[in-house]
Structures are given as structure tokens and as C-alpha cells.
Protein chains: 2
Amino acid sequence: MSLPRMSKPLKVEEAEPKGVDFLPGLAVDTVIFGFHLNQLKILLLEYRNTGLMALPGGFVRNTENLNDAARRILAERTGLQDIYLEQFYVFGDLTRHDPAPMRAIMQAKGHMPDDDHWLLSRFVSVGYYALVDFTKAIPIPDELSDSCGWYDLAALPPLMQDHTAIVQKALATLQADLDRKLIGFNLLSETFTMADLQSLYETILGQPLHRSGFQRKILGLGIVERLEKQYSGGAHKAPYLYRFVPNK
Amino acid sequence: MSLPRMSKPLKVEEAEPKGVDFLPGLAVDTVIFGFHLNQLKILLLEYRNTGLMALPGGFVRNTENLNDAARRILAERTGLQDIYLEQFYVFGDLTRHDPAPMRAIMQAKGHMPDDDHWLLSRFVSVGYYALVDFTKAIPIPDELSDSCGWYDLAALPPLMQDHTAIVQKALATLQADLDRKLIGFNLLSETFTMADLQSLYETILGQPLHRSGFQRKILGLGIVERLEKQYSGGAHKAPYLYRFVPNK
DNA sequence: TATTATTGTATCATATTGTTACAATAGTAA
DNA sequence: TTACTATTGTAACAATATGATACAATAATA
């Protein structure tokens with residue numbers, strides 16, 4: 001969650017948003033997966049002058065669809081455009097309500113909110129996840145954040161509120177959806193080797209796969225086309241590059 | 001969605017709820033599946049003196065967990081207790097906002113709400129589904145409803161707001177989850193024949209299954225135990241009864 | 001006792017998956 | 001040039017799963 005940016009008519013100096021512009025009590029948090037050097041990564045923000053790490057999140061405007069809000073929030077907070085986001089769970093336990101981090105964030109911005117300030121109230125948060133090409137998705141922190149960057153999923157820092165649990169739930173959903181949807185390809189570059197793809201699957205599932213069967217399975221699905229060979233400089237046979245063909 | 005019942009200190013006559021007791025803008029709608037005579041059924045309410053048909057739904061108290069609210073709402077509106085509900089989607093499009101049905105419901109109760117009444121504002125609704133034993137789940141309408149009963153999923157009446165779309169999404173989720181979870185058994189009685197179970201699967205999936213392979217598959221999973229034979233009076237071999245064994 | 005409808009399971013064919021093996025490289029080093 | 005190494009693509013076989021058919025074993029009924 002975040003202090004949302006205002007729409008254009010307001011200046012940055014008035015960055016304290018009016019609660020009346022947003023659906024009260026409803027938030028969106030996004031878990032953005034990337035893949036690099038055989039590791040799953042997620043995007044985290046660091047709230048300015050607080051050391052608080054959080055998922056990119058925000059609030060839903062009165063005038064926008066929920067799913068559109070998720071895309072806007074991701075774009076505003078990380079700079080990532082046109083990312084397909086998928087709902088995976090709604091987090092609505094009372095135990096997730098903890099006004100302390102939000103108060104710290106507001107105080108770091110020079111605000112001293114009353115106890116009944118709308119940003120300190122209970123929020124139900126809709127979780128979304130997305131898969132992006134690590135090499136192309138260059139995150140840009142918004143004005144609320146000291147940084148916005150990739151963190152190894154296997155070694156996350158402590159996160160604000162219940163965000164660690166949100167990440168775990170997103171990963172579980174990703175694992176369950178891996179076979180049914182053509183998820184993996186969004187995490188790789190335009191072209192990739194079969195070893196790249198297998199490594200991705202193994203990393204998501206957390207278990208090794210048989211190389212021969214994996215290749216046979218993927219090729220049998222008819223969802224990749226073979227391109228030229230990749231001469232990478234290694235002392236071994238050069239692997240083919242593949243490309244995902246979506247229209248099948 | 002509904003006008004929620006108040007907690008005990010208030011009398012039925014004061015049934016107009018105070019918005020301040022609930023999370024504003026957030027609703028829960030439930031799709032309760034049953035199975036009877038080879039047909040999938042769902043529970044629908046009919047709002048009193050309006051003819052409006054709706055899913056059992058309601059609002060989330062400030063003091064309860066979201067998932068607990070779903071169970072409470074189902075119990076209050078239909079009388080069904082201790083039902084395991086599962087989230088399946090959040091409906092948050094602007095197009096679903098239509099104050100007309102809610103105004104009609106309130107007027108039928110003798111209220112004349114202002115245009116800015118909280119119940120007439122936009123709501124984001126969390127969809128939950130559940131599977132219940134048709135023979136044991138006897139729905140009881142609440143005081144808001146003329147009736148609460150089972151309707152054939154294949155021939156639903158027109159529903160309020162976007163509830164038809166909510167039902168469709170719930171069914172799609174049920175179909176997708178059928179193999180991964182042991183869903184079907186909640187829809188049958190304690191004991192059932194293999195033909196009962198196969199019919200259920202065929203109805204949910206909307207396609208016929210091969211009898212031999214189905215039996216082999218289910219028995220191979222080790223999730224049912226065979227009981228005595230069922231002498232049903234038909235002029236044919238008596239089928240065995242089976243029971244679901246959850247601890248496997 | 002024959003007939004009928006249904007059930008449980010065997011059987012075979014086919015498809016899928018698990019596993020091993022091996023030829024084909026692309027570099028490196030002798 | 002010629003081994004040598006690591007990796008890749010795929011064949012080959014086994015094991016398992018699935019699709020389809022067949023058939024014996026009933027419970028009632030006529």
C-alpha cells in the first residue's frame with residue numbers, strides 16, 4: 001500500500017491524498033515476478049526514510065475498475081507499463097491491520113496524521129501477480145520510495161505488514177498455475193534455450209525435472225519454434241534458441 | 001448483497017443497518033452448489049416484495065475477518081452453518097454499480113433512501129463458492145427474503161446486478177479445480193455409488209466420461225472405501241456403496 | 001428359468017511419462 | 001590435427017496411465 005499519487009490537477013506538494021477520491025478500506029498489492037541467473041526475483045519498494053520494504057501497492061479510485069486500478073498502481077509505483085496482472089487472493093484478516101508502518105511512512109514525509117486518518121484504518125487488500133521479463137522491466141521508484149528493485153525470492157528482507165505472506169501465497173498460486181497457463185514464457189527474454197526454460201520451471205516448482213522428458217514435453221506442446229543456434233562460447237554443442245509462439 | 005441483519009442488541013424493527021458498522025464499499029457474494037437428480041443447483045434468494053433474485057451476499061463487519069464474514073453472511077442469509085467457502089474472484093468493475101435494485105429492495109421495506117445512502121454506492125464484491133450436500137442443506141430465508149431455495153444451474157432466472165456473471169465465473173473455477181481438489185465429495189451424501197460420482201463429474205464438466213476408466217481412476221486414487229451393496233430394487237446387479245476417506 | 005439392465009473388472013490398444021543411452025557438436029588443450 | 005570435455009538433441013526402452021471394448025456377475029422381473 002502507498003500514499004497514492006494524485007491525478008494531474010494537483011501538485012506534488014499536495015501529495016497527501018484525499019481519502020474521498022478512493023474506495024475506502026480497499027487496497028491492491030502486486031507481486032511482480034522476474035527471473036535472472038536461475039533465481040526468481042520480485043519487485044520491492046523501500047519507503048523513503050523509513051527502511052520499510054513493501055510490495056508495490058496502492059488504492060482504488062472511485063472512478064476506475066479494480067483491475068485497471070491494479071495496472072495503474074503498478075505503473076505509478078514502479079514505472080512498469082502494460083503488464084498483465086492476475087488476481088490471486090484477497091487478504092482480509094483483522095490481524096493484518098497495523099497502522100504503525102503507515103504512520104511511520106507519513107511521518108517521514110512530515111505529516112502527523114490523526115489516529116482516525118483514513119490511511120491508518122483497516123484495509124482489505126486484493127493481491128495480484130504478474131510475470132515480467134527481467135531484462136526489459138527496469139523499475140523506477142516513485143516519489144514515495146527511496147528505491148524500487150529486484151530481490152531474490154529465496155532471501156527476501158523483512159517486509160511491511162503481511163507482505164511476506166502475500167508473496168508466499170502468490171508463489172503457491174504461480175506453482176499451481178504453471179502447467180495450466182503458459183506462464184513461464186513471460187519471465188524469459190524473447191529467445192531462450194531449452195535449458196533456460198527448464199531452469200525456470202525447476203526454480204518455480206522447487207524441484208529438478210528430467211531433461212529429456214522436459215524437452216520432449218515442451219516440443220510436443222507446439223508452443224515454441226526453433227530458431228538458430230546459440231554459440232555461447234562454451235566447450236560443448238551449441239543449443240538452439242527458441243521463441244514462444246502464442247497463437248497455438 | 002443485502003441489507004445485513006444487525007447484531008443482537010438491535011431489534012428487527014431497526015433493520016436499517018448503520019453503514020459505520022461495516023467496511024464501506026466491500027461486499028461478499030456466495031455461490032453455493034448442490035447436486036440433485038443429476039443437476040447442479042445453486043442457492044438463490046428472492047428479496048421480499050421485489051421479485052429480485054440474488055446470490056446470498058452481504059457486508060463485512062469492521063470487527064471480523066473477511067473469510068469469517070463470508071461464513072457469517074451465508075449462515076445469516078440461508079441458515080447454512082459450518083460451510084467451507086473458497087474465494088474465487090473479486091468483482092470490481094464500475095459497470096456493476098447499479099443502485100436501482102438496492103433502492104427497490106429498500107423501498108419494498110418502507111425506506112426511502114437518499115441518493116448518497118451508503119447502500120446505494122459502488123461496491124466491490126468478493127466471490128466465494130461452496131459445495132454442500134443437497135439432501136442435508138435445507139435453506140431458510142432470512143427476514144429480507146421471500147424465499148431461499150435451490151435453482152437448476154442450467155435454467156437460472158434473471159439475477160440481480162452482475163450475479164449471473166458471478167455464477168459463471170464460479171462454475172468455471174469449480175471445473176478447473178475439480179481434479180486438483182477433492183471437490184466432488186462434498187456434493188454427495190455420506191455414501192454414494194460409483195454411478196452417482198460419475199454423474200456428478202459429468203455434470204460439472206459438462207461432458208460424458210468413460211465408465212470403466214472413471215471407476216479405475218477413482219479407485220486408484222485410494223480416496224474412497226467400499227461399503228456394502230445397495231439393493232435399490234432395480235432389475236440389475238446391485239452397486240457397491242462408497243464413502244470418502246479424507247485422511248489420504 | 002429366461003430376460004433385462006447394470007455393475008465390476010479384465011483385456012487389449014494406445015498414449016504418456018520416466019529413464020538410460022548415445023551420437024553430435026563446440027570449444028579447449030596437447 | 002587430434003584427443004578431450006561438457007552439453008545438447010534425440011532415440012530407445014520400460015513403466016505407467018488412459019481409451020475402448022468385452023464379458024462375467026448379479027438383482028429384479030416376467
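The shown structure was predicted, so the numbers you read here are calculated from the model rather than taken from an experiment. A note on names: the letters A, B, ... follow the listed sequences, proteins ahead of strands, and every chain is numbered from 1.
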_Where protein sits on nucleotides 20-30 of chain C, one letter per nucleotide: B base, S sugar-phosphate only, - none, heavy atoms under 4.0 Å_ = BB--BBBB---

*Run the side chain to side chain contact (heavy atoms under 4.5 Å, CB included) check on A/Asp179 and A/Tyr201 step by step: do they pass?*
CA-CA 10 Å; A/Asp179 268 346; A/Tyr201 269 66; 4.3 Å; yes

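Atom CD of B/Gln230 and atom C1' of C/dT6 are 12 Å apart (whole Å). What separates CG of A/Leu221 from C1' of C/dT16 is a distance of 12 Å, to the nearest Å. B/Asp196 places its CG atom 11 Å from the P atom of C/dG8, with the value rounded to the nearest Å. Going from atom CD1 of A/Ile218 over to atom C1' of D/dT10 covers 16 Å, rounded to whole Å. A straight line from CD of B/Gln198 to C1' of C/dG8 spans 13 Å, rounded to a whole angstrom. The separation between B/Leu241 atom CG and C/dT7 atom P is 12 Å, rounded to whole Å. Whole-Å rounding puts the A/Met194 CE to D/dG9 P distance at 7 Å. Here the C1' atom of nucleotide D/dA17 and the CG atom of B/Asp179 are 14 Å apart, to the nearest Å.
An OP1 or OP2 oxygen of D/dT10 is reached within less than 4.0 angstrom by a side-chain nitrogen or oxygen of A/Gln215. Not one side-chain nitrogen or oxygen of B/Lys217 sits closer than 4.0 Å to the OP1 or OP2 atom of D/dA17.
Among residues two or more places apart in sequence or in another chain, the salt bridge (Lys or Arg N to Asp or Glu O under 4.0 Å) test is passed with B/Asp196 by none. Not a single ring-ring contact (aromatic ring centres under 6.0 Å, His included) links A/His97 to another residue, sequence neighbours left out. Every salt bridge (Lys or Arg N to Asp or Glu O under 4.0 Å) that B/Asp68 has, sequence neighbours left out, goes to B/Arg71.
When heavy atoms are screened at a 4.0 angstrom cut-off, A/Leu219 is found touching the sugar-phosphate backbone but no base atom.
Taking all atoms of both residues into account, the shortest heavy-atom contact from B/Ala170 to B/Tyr129 is CB-CB, 4.5 Å.
Judged by distance alone with a 3.5 Å cut-off, no donor-acceptor contact links the side chain of A/Arg226 to the base of D/dG9.
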Could you list the donor-acceptor pairs under 3.5 angstrom formed between side-chain atoms of residues 32-45 of chain A and any protein atom two or more places apart in sequence or on another chain?
{"residue": "A/Asn38", "atom": "OD1", "partner": "A/Ser199", "partner atom": "OG", "Å": "2.4"}
{"residue": "A/Gln39", "atom": "OE1", "partner": "A/Lys41", "partner atom": "NZ", "Å": "3.1"}
{"residue": "A/Gln39", "atom": "NE2", "partner": "A/Asp152", "partner atom": "OD2", "Å": "2.9"}

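Picking from C/dT11, C/dG8, D/dG9 the nucleotide with the shortest atom distance to the side chain of B/Tyr240 gives C/dG8.
When the nearest nucleotides of DNA chain C are assigned to A/Arg216 and B/Arg216 by heavy-atom distance, the more 5′-ward of the two goes with B/Arg216.
Within the structure, side chain to side chain donor-acceptor pair (under 3.5 Å) contacts touching residues 164-174 of chain B (residues at least two apart or in different chains) do not occur.
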